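Reading through the structure tokens given below for one structure.
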Amino acid sequence: MSTKNDKDKPSIPEHPRLRFCPSPTGIPHVGMIHTALYNWAEARHTGGTLIFRMEDTDDRRDTKESLDMIIEALEWMGIDWDEGIGKGNDDLYFQSRRKEVYQGVAKQLFEAGFAYESFSTAEEIAERNKAAGRPETFGYDGFDRNLTEEQKEAFRKEGRKPALRIRVPDEDISWDDLVRGPITYKAGSFPDFVIVRPNGDPLYTLTNPVDDAILDVNMVLRGEDLLPSTPRQIVLYEYLKKLGIAKQTPLFGHLPYVMGEGNKKLSKRDPQSNLFLLRDMGFIREGLLNYLSLLGWSYSADQDVFSMEELVAKFDVRDVKANPARFDLKKAISINASHIRMLDPEDFVKRCLPYLFKEGIVPADKWDELSADDKALLLRIAPLVQPRVRLLSEAVPMMLPLIDKAGELEFEEGSLEPLTEGDKAVLDRALKELENVQDEEWKADTLHTLLTDALVNEMSLPAKKAFNPVRLAISGKKVSAPLFESLEIIGKPVVIERISSLRSKI
RNA sequence: GCCCCUAUCGUCUAGCGGUCUAGGACAUCGCCCUCUCACGGCGGUAACACCAGUUCAAAUCUGGUUGGGGGUACCA
């Protein structure tokens with residue numbers, strides 16, 4: 001199999017080792033899952049290894065709840081991992097437990113001369129830049145690069161503590177990006193950067209590559225927002241390799257953003273960015289995964305509904321597009337609808353259960369806890385409802401009139417006003433016909449014939465005019481599951497009761 | 001300011017120098033099917049940001065312009 005990119009993008013390692021390493025700071029986000037999905041798909045396609053690790057270095061923002069939600073999200077989506085949290089020694093996979101490791105590496109970097117102590121404060125750097133006529137945003141000027149021991153001692157006597165900075169070589173930094181192709185940062189593009197704060201806290205620029213190196217990660221697929229940190233990390237990798245800590249510099253692939261409305265990255269404020277909100281709306285994993293994979297990648301020129309197996313068979317990160325993609329809820333819903341229709345009816349019902357249970361329509365949200373009668377009824381209803389919902393939650397109002405026979409029917413807003421004397425006559429006639437039907441004759445096709453003869457043929461009404469009042473009477477809605485099947489399922493007594501009830505409202 | 005990324009219908013994309021009067025999907029509009037809705041079928045509207053250059057030939061290669069995004073941190 002050859003794709004356009006095989007010839008001009010880097011070849012992937014024989015045994016790819018990828019990782020997904022979010023920070024536990026909030027509700028699982030669609031952009032985050034998009035990144036996780038692409039890492040997963042690449043790992044599964046290549047037979048590689050996916051590592052799941054937590055970048056929890058910010059104790060002010062990190063929460064246990066967030067961690068639990070991220071795990072729940074991955075499990076719900078079916079994104080599994082081979083190494084990492086919950087699989088082996090968790091001390092390897094939580095950065096919050098690894099401060100000594102980073103400090104140890106920092107010490108080695110310092111002793112080898114790859115990093116140096118920097119005593120300059122932000123104010124001093126800004127002043128020097130100003131004095132030299134450089135723009136304020138110029139950044140660090142390398143002032144502490146070659147401080148003598150005496151100078152350092154003098155700073156220490158002032159009570160200063162040094163940050164540790166990486167000595168950035170004066171040369172172009174290039175890499176061949178898996179999604180963007182060759183990228184070069186010219187020499188001097190960025191200054192010596194801090195890897196350890198004066199108080200000893202290691203920074204992302206250090207912790208991320210160090211863990212990747214220790215876990216022998218050879219492919220890094222991450223968001224475009226991390227692109228500017230890559231040349232810095234490449235510098236660091238060169239040093240880590242010299243110290244024997246890193247085996248190689250990994251291949252990098254910078255994935256496109258998932259955008260929201262306007263030209264903004266999908267933010268936590270956008271409701272459609274919240275994975276669990278999408279689940280509550282009634283997305284199924286297959287649909288959401290399918291849609292998300294399409295944001296920056298395509299399955300083929302003329303097919304965009306496919307299974308996870310098909311995705312894995314075809315996915316290649318080198319085919320991913322570099323430009324950001326907008327999250328389009330309408331298309332996401334449409335793709336979801338296709339996947340709902342492909343579900344086995346029993347599977348469909350089982351997945352509807354939580355939504356039905358939440359509204360008090362069924363007594364349990366677990367299939368096994370339902371009575372045989374309940375199961376049988378749901379299974380009869382499923383094929384009627386399944387092809388006409390796009391989200392699982394939409395099944396609730398459609399199933400309700402078929403399941404809840406005791407409750408008072410609620411009529412849809414504005415559905416009663418247009419009713420006329422003609423509709424009243426239709427209901428009268430329907431009532432008369434249906435009352436005479438024997439129990440054993442109460443079948444969808446019999447009722448269809450009966451009502452067609454009476455209402456359409458004898459009353460000379462168009463089919464819509466004839467059946468819609470009946471539909472409204474038994475469902476409370478203008479849109480419902482197929483009428484005659486519904487009549488059969490609801491049963492004669494309740495149908496008679498509901499039609500009489502609506503008749504009296506006209 | 002400087003650096004980096006990016007640019008095909010409203011949206012997601014196919015396109016890899018000739019097969020492009022640019023294909024598919026969602027959305028939208030019309031028609032058919034039809035007990036409603038959905039499904040399904042048929043058809044319509046709708047895009048190569050701009051300017052140069054290379055070439056017999058450019059959506060495709062090169063340069064520039066413009067637009068969008070990101071960075072320029074002791075954030076990630």
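Reminder, nothing fancy here: chain letters follow the sequence lines and each chain counts from 1. Values in this document were obtained by computation on a predicted structure and should not be read as measured data.
You won't find any donor-acceptor pair under 3.5 Å spanning the side chain of A/Arg326 and the base of B/U13, going by distance alone. You won't find any donor-acceptor pair under 3.5 Å spanning the side chain of A/Lys330 and the base of B/A27, going by distance alone.
Residues meeting the side chain to side chain contact (heavy atoms under 4.5 Å, CB included) test with A/Pro387, sequence neighbours left out: none. For A/Pro345, the side chain to side chain contact (heavy atoms under 4.5 Å, CB included) partners are A/Ala382, A/Gln386, not counting sequence neighbours. Considering only residues two or more places apart in sequence or on other chains, A/Arg180 meets the salt bridge (charged side-chain N to carboxylate O under 4.0 Å, His left out) condition with A/Glu224. Partners of A/Glu394 under the salt bridge (charged side-chain N to carboxylate O under 4.0 Å, His left out) rule, at least two apart in sequence or in another chain, do not exist in this structure. A search for side chain to side chain contact (heavy atoms under 4.5 Å, CB included) contacts involving A/Ser273 returns A/His29, A/Leu266, A/Asp270, not counting sequence neighbours.
A/Leu472 has its CG atom 14 Å from the C1' atom of B/C37, to the nearest Å. One atom, CZ of A/Phe190, and another, C1' of B/C3, lie 11 Å apart when rounded to the nearest Å. Rounded to an integer number of Å, the gap from CG of A/Asp319 to C1' of B/G15 is 13 Å. What separates CD1 of A/Ile333 from P of B/A27 is a distance of 10 Å, to the nearest Å. Between the C1' atom of B/A73 and the CG atom of A/Leu206 lies a distance of 16 Å, rounded to the nearest Å. The distance from atom CZ of A/Arg134 to atom C1' of B/U72 is 14 Å, rounded to the nearest whole Å. Regarding A/Arg341, its CZ atom lies at a distance of 12 Å from the C1' atom of B/C37, rounded to whole Å. The CE-C1' distance, from A/Met259 to B/U13, rounds to 17 Å in whole Å.
Between A/Phe315 and A/Tyr38, the ring centre distance stays below 6.0 Å. Ring centers of A/Phe467 and A/Phe484: under 6.0 Å apart, within the cut-off. You'll find the ring centres of A/Phe327 and A/Tyr291 inside the 6.0 Å limit.
Taking the P atoms as reference points, B/G63 lies 38 Å from B/C26, given to the whole Å. Comparing the same atom, C1', in B/U8 and in B/A14 gives a spacing of 10 Å after rounding to whole Å. Rounded to whole Å, the separation between the P atoms of B/U55 and B/U62 comes to 16 Å. Nucleotides B/C12 and B/C75 are separated by 34 Å at their P atoms, to the nearest Å. With both ends at atom C1', the span from B/A38 to B/C48 equals 36 Å, rounded to whole Å. When the C1' atom is compared between B/G10 and B/U19, the two are found 29 Å apart, to the nearest whole Å. Rounded to whole Å, the P atom of B/C20 lies 41 Å from the corresponding atom of B/U36. Rounded to whole Å, the C1' atom of B/G23 lies 14 Å from the corresponding atom of B/A46.
Taking both residues in full, the closest heavy atoms of A/Ala106 and A/Val196 are given as CB-CG2, 3.6 Å, listed atom of the first, atom of the second, then distance.
In this structure, the side chain of A/Glu55 does not engage the main chain of A/Gln95 through any donor-acceptor pair within 3.5 Å. Formation of a donor-acceptor pair under 3.5 Å by the A/Ser486 side chain with backbone atoms of A/Pro482 is found in this model.
In this structure, B/U55 forms no base pair with any nucleotide, since neither Watson-Crick nor G-U wobble geometry is met with both distances under 3.5 Å. In this structure B/U66 sits in a base pair with B/A7, meeting the Watson-Crick or G-U test at under 3.5 Å. When both distances must be under 3.5 Å, the Watson-Crick or G-U wobble mate of B/U28 is B/G44. In this entry B/C74 has no Watson-Crick or G-U wobble partner, no candidate having both defining distances under 3.5 Å. Taking a pair to require two hydrogen-bonding distances under 3.5 Å in either a Watson-Crick or a G-U wobble arrangement, B/A14 remains unpaired.
Note on residues 191-202 of chain A: pairs passing side-chain hydrogen bond (donor to acceptor under 3.5 Å, both in side chains), not counting sequence neighbours, are A/Lys99-A/Asp201, A/Tyr116-A/Asp192, A/Arg145-A/Asp192, A/Asn199-A/Asp201. For the side-chain hydrogen bond (donor to acceptor under 3.5 Å, both in side chains) condition, no pair includes a residue of residues 441-451 of chain A, sequence neighbours left out.
Contacts of A/Ser334 with the nucleic acid, taken as non-hydrogen atoms under 4.0 Å apart, involve only primed sugar atoms and P, OP1 or OP2.
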Find every protein N or O atom lying less than 3.5 Å from an N or O atom of nucleotides 42-45 of chain B, and list the pairs.
none

Protein-nucleotides 74-76 of chain B N/O pairs under 3.5 Å:
{"from": "B/C74", "atom 1": "N4", "to": "A/Ser120", "atom 2": "O", "distance (Å)": "3.1"}
{"from": "B/C75", "atom 1": "OP1", "to": "A/Arg197", "atom 2": "NH2", "distance (Å)": "3.0"}
{"from": "B/C75", "atom 1": "OP2", "to": "A/Arg197", "atom 2": "NE", "distance (Å)": "2.8"}
{"from": "B/C75", "atom 1": "OP2", "to": "A/Arg197", "atom 2": "NH2", "distance (Å)": "2.0"}
{"from": "B/A76", "atom 1": "OP2", "to": "A/Tyr204", "atom 2": "N", "distance (Å)": "2.9"}

Atom pairs under 3.5 Å: protein N/O with N/O of nucleotides 4-7 of chain B:
{"from": "B/C4", "atom 1": "OP1", "to": "A/Lys186", "atom 2": "NZ", "distance (Å)": "3.3"}
{"from": "B/C4", "atom 1": "O2'", "to": "A/Tyr185", "atom 2": "OH", "distance (Å)": "3.2"}
{"from": "B/C5", "atom 1": "O2'", "to": "A/Arg180", "atom 2": "NH1", "distance (Å)": "2.3"}

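Checking A/Lys107, A/Lys161, A/Arg156 one by one against A/Glu117, the salt bridge (Lys or Arg N to Asp or Glu O under 4.0 Å) holds for a single residue, A/Arg156.
Under a cutoff of 6.0 Å and an axis angle of 45°, A/Arg165 and A/Tyr140 form a cation-pi pair.
Note: A/Tyr185 and A/Trp175 have parallel aromatic rings, judged against thresholds of 30 and 60 degrees for the angle between ring planes.
For RNA chain B, the residues of residues 287-304 of chain A within the heavy-atom distance limit of 4.0 Å (strictly under) are A/Leu294, A/Leu295, A/Gly296, A/Ser298, A/Ala301, A/Asp302, A/Asp304, sorted by number.
When the nucleotides B/G69, B/A27, B/C12 are ranked by their closest atom to the side chain of A/Lys331, B/C12 comes out on top.
The neighbour count for A/Glu310 CD, taken as heavy atoms of other residues, nucleotides or ligands under 6.0 Å away, is above 12.
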With side-chain hydrogen bond (donor to acceptor under 3.5 Å, both in side chains) as the test, would you mind laying out the steps for A/Ser480 and A/Arg471 before giving the verdict?
CA-CA 7 Å; A/Ser480 77; A/Arg471 178 187 315 286; 2.9 Å; yes
Per-nucleotide protein contact string for nucleotides 30-35 of chain B (B base, S sugar-phosphate only, - none; heavy atom under 4.0 Å)
-----B
